[in-house]
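Remarks on the structure that follows.
Every value quoted in this text rests on a predicted model; they were computed, and no experiment measured them. Quick note on labels: first sequence line is chain A, next is B, and so on, each numbered from 1. Just so you know, these numbers use all the heavy atoms, side chains as well, and skip hydrogens, waters and symmetry mates.
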Amino acid sequence: MSGDQPVVPINFIRKIVEDDLKAGRIEGRIATRFPPEPNGYLHIGHAKSICLNFGIAEDYDGTCNLRFDDTNPHKENIEYVQAITEDVRWLGYDWDDRLFYASDYFEQLYAFAVELINRGKAYVCDLTAEEIREYRGTLTMAGKDSPYRNRSITQNLDLFGRMRNGEFPDGSRVLRARIDMASPNINMRDPTLYRIRHGVIHHQTGEEWCIYPMYDYTHPISDAIEGITHSICTLEFEDHRPLYDWVLDNISAPCHPQQIEFSRLNLQYTVMSKRKLTELVNEGYVEGWDDPRMPTIAGMRRRGYSAASIRDFCERIGVTKSENSVEMGMLEYSVREDLNGHAPRRMAVLHPLRVIITNYPDDKVEYLEAVNHPQDESMGVRTLPFTREIYIDRDDFREEASSKFKRLVSGGEVRLRYAYVIRCDEVVKDAHGEVIELHCSYAPATLGVNPEGRKIKGVIHWVSSRFGVPAEIRLYDRLFNHPTPDAARDGKNYKDQINPDSLHTLTHCILEPRLAESKPGESFQFEREGYFCRDSKLGTESYLVFNRTVTLRDSWTKIEGQHD
RNA sequence: UGGGACGUCGCCAAGUGGUAAGGCACGGGGUUUUGAUCCCCGCAUCCGCAGGUUCGAAUCCUGCCGUCCCAGCCA
């Protein structure tokens, strides 16, 4: 340990690490790794693993490698490598010069396979894929030995060499471990170690190889080569641990890392499998891997989630082996907490309603001072131009309302944030009875002071119509209608539960002028509305596009729902 | 029904024989020129169920029940 207490609460994996350290079971230093397959973008579930692996390395003075598990060139490509690299770095982690690829080890992997053959622990099998499946047996029935299981070492060596040389077509032969076809653990029934794949260009090794090693064989050896001490993975690999150990026990491995499994993250109202996320992208349900509705790191970043908030979330949910279904409220709490502390406040009107302040001169402009953060003076101040014509939000006006409604009503008064108290004198409607404009009067003596003799209950935000800048604002809702869209119900799959209203685009919003200077990717709190992030892809210098990251906590809709 | 794992408050999660932490959510109150923030207070006589061991069990034993994962030449 590097001295201070770990900032992250202790979990069962950290406990194991600490115990190993105390017992002197670790030769050098703690070494972990994050091993993504470059076949899709990283999501919030990966963030949990990244925080765990890199976090342990940081807190116990160890190292964490970034290693691409690239043994299946059919599904992988270099774009994903780049996206994953960027996302891990953005989350705030660094691997120095320890960026590896499983494909870096292909030659060593091959040599270890030859060693296995020489020890009589692996053989070349000529069964077809279908036959292998039949021979494997079932969950309740033992499998039976392949007729090729007892080939001589010489013949296996010859055949395996010729597999590498490209003498056999795809699917004609595989290299298999020679373990136990009757094992109650199906993974131990002579699993495939190598398959033949001609004609694919591997993003790292090109056309150098026509045989590719399987995950179960590659992973333990890659870990051992890198001197990993704790190989942390998710629960579905628990059944594979005997195989992980078998591989290392049957070759001259440099060391034997310990595999530890934890349960993957399930977040309500979204899906977390790469296959499903890929389908959402490829079938056009979303606008891409970085669509702000996606639970991907790239999507969340674009939506306005900070790296700090994602890390905080990963700490809060903990690490265990039990199945879980985390509520969105947890994630929202983490973003709000971070953004509340760091996002400058601004004013923005989402649904504009014109207000004419009849007793304010038409040519007058006052520049009113507003703080950028009510609890953090160091964030400074800005000015807001105040004019005769302004916009307020339609939701902040009602012709009549109960006394619970603290905003503007006909004949009533309300405080304009950082400005004056105004009274609504007249409501102007169009032919359909729709309110199109309000005529108000302001109380000049109320700038920074409360009026005598009456209490102004409400404060609303506003933007000068002359100086305000137009913008598009995108409001997001959950991508799915059901908390667990993964679970099949009534013959429906997850795509049947997609929320058709997950995106609302508001095209006539008005922002306070200062926002024209914002940069793509910058986050703000639009007072009384929520946290918003300038989109990094859409919009121009003169047409701003903002994404709503999350709303502010809201006790009003609850109150409103209870009465009248 | 073979093997592996998991079941503590609506959700996440401590606890590993000495009499149920904490967070989120929720409810109540206070401060407030954001119905935000912040601050108080409340929120499992009970730990999947049933027996047993013990002075004493969520923690040990036995038996049930429930949930998840595994039959890719995917990872």
Output the rounded distance in Å from [atom1] ([X]) to [atom2] ([N]).
| X | N | atom1 | atom2 | value |
| --- | --- | --- | --- | --- |
| Arg417(A) | U37(B) | CZ | P | 14 Å |
| His461(A) | U33(B) | NE2 | C1' | 14 Å |
| His74(A) | A75(B) | NE2 | P | 12 Å |
| Tyr269(A) | C24(B) | OH | P | 20 Å |
| Leu139(A) | A71(B) | CG | C1' | 5 Å |
| Lys406(A) | U34(B) | NZ | P | 9 Å |
| Glu323(A) | G48(B) | CD | P | 15 Å |
| Glu560(A) | G35(B) | CD | P | 14 Å |

Under 4.0 Å, heavy atoms only, any strand: does [X] hit a base, just the sugar-phosphate, or nothing?
| X | result |
| --- | --- |
| Gly171(A) | base |
| Gly448(A) | base |
| Leu127(A) | base |
| Glu332(A) | nothing |
| Thr71(A) | sugar-phosphate |
| Ile132(A) | base |
| Glu238(A) | sugar-phosphate |
| Tyr418(A) | base |
| Phe237(A) | base |
| Tyr135(A) | nothing |

**OP:** On the 0 to 90° scale, with breaks at 30° and 60°, tag the Trp289(A)-Tyr80(A) ring pair as parallel, tilted or perpendicular.
**Re:** perpendicular
Original post:
Is Tyr215(A) stacked on the base of A75(B) when the test is centres under 5.5 angstrom and planes under 30 degrees?
Top reply: no
Tell whether [X] reaches the base of [N] with its side chain through a donor-acceptor pair below 3.5 angstrom.
| X | N | value |
| --- | --- | --- |
| Arg407(A) | G35(B) | yes |
| Asp554(A) | G35(B) | no |
| Arg528(A) | U34(B) | no |
| Glu529(A) | U34(B) | no |

I'd like the [atom1] distance from [M] over to [N], given in whole Å.
| N | M | atom1 | value |
| --- | --- | --- | --- |
| G48(B) | G72(B) | P | 35 Å |
| A44(B) | G10(B) | C1' | 12 Å |
| U19(B) | U45(B) | C1' | 11 Å |
| A57(B) | C40(B) | P | 36 Å |

Report the nucleotide, chosen from [options], that has the shortest atom-to-atom distance to any side-chain atom of [X].
| X | options | value |
| --- | --- | --- |
| Pro374(A) | C12(B), U34(B), A75(B) | U34(B) |
| Met214(A) | C11(B), C73(B), C6(B) | C73(B) |
| Asp239(A) | A13(B), G4(B), A71(B) | G4(B) |
| Asn187(A) | C70(B), G2(B), A75(B) | C70(B) |
| Ile559(A) | C69(B), G35(B), C24(B) | G35(B) |
| Tyr333(A) | C73(B), A25(B), U34(B) | A25(B) |
| Arg415(A) | U33(B), G35(B), A25(B) | U33(B) |
| Val174(A) | C6(B), C73(B), C11(B) | C73(B) |
| Ser555(A) | G35(B), A75(B), G72(B) | G35(B) |
| Arg345(A) | A75(B), U34(B), G10(B) | U34(B) |

Is any side-chain nitrogen or oxygen of [X] closer than 4.0 Å to OP1 or OP2 of [N]?
| X | N | value |
| --- | --- | --- |
| Lys321(A) | C69(B) | no |
| Ser322(A) | A13(B) | yes |
| Arg336(A) | U37(B) | no |
| Arg316(A) | C11(B) | no |
| Thr320(A) | C6(B) | no |
| Arg195(A) | A75(B) | yes |
| Arg197(A) | C74(B) | yes |

Got [X] and [Y] here, is their nearest side-chain heavy-atom distance under 4.5 Å?
| X | Y | value |
| --- | --- | --- |
| Val355(A) | Leu416(A) | no |
| Pro385(A) | Glu512(A) | no |
| Arg423(A) | Val414(A) | no |

Original post:
Taking the six-membered ring where the residue is Trp, are the ring centres of Tyr244(A) and His240(A) under 6.0 Å apart?
Top reply: no
**OP:** Run the ring-centre check on Tyr217(A) versus Tyr194(A) and record whether the distance is less than 6.0 Å.
**Re:** yes
**OP:** Verify whether one side chain among Glu527(A) and Gln525(A) offers a donor that lies under 3.5 Å from an acceptor in the other.
**Re:** no
Mind checking who [N] pairs with, Watson-Crick or G-U wobble, both distances under 3.5 Å?
| N | value |
| --- | --- |
| A71(B) | none |
| C43(B) | none |
| U34(B) | none |
| G7(B) | C65(B) |
| U53(B) | none |

Original post:
How about Arg197(A): does its CZ atom have over 12 heavy atoms from other parts shown lying under 6.0 Å from it?
Top reply: yes
**OP:** Tell me, yes or no, whether the heavy-atom count around His74(A) atom NE2, taken from other residues, nucleotides or ligands under 6.0 Å, exceeds 12.
**Re:** no
**OP:** Tell me which of Lys75(A) and Val326(A) sits closer to the 5' end of RNA chain B, going by the nucleotide each one is nearest to.
**Re:** Val326(A)
Original post:
Taking for each residue the nucleotide of RNA chain B with the nearest heavy atom, is it Asp69(A) or Gln268(A) whose nucleotide lies nearer the 5' end?
Top reply: Gln268(A)
Subject >> Contacts of type salt bridge (charged side-chain N to carboxylate O under 4.0 Å, His left out), residue Arg407(A), not counting sequence neighbours >> reply: Asp396(A)
**OP:** Could you classify G72(B) for me, syn or anti, using a glycosidic angle within 90° of 0 as syn?
**Re:** syn
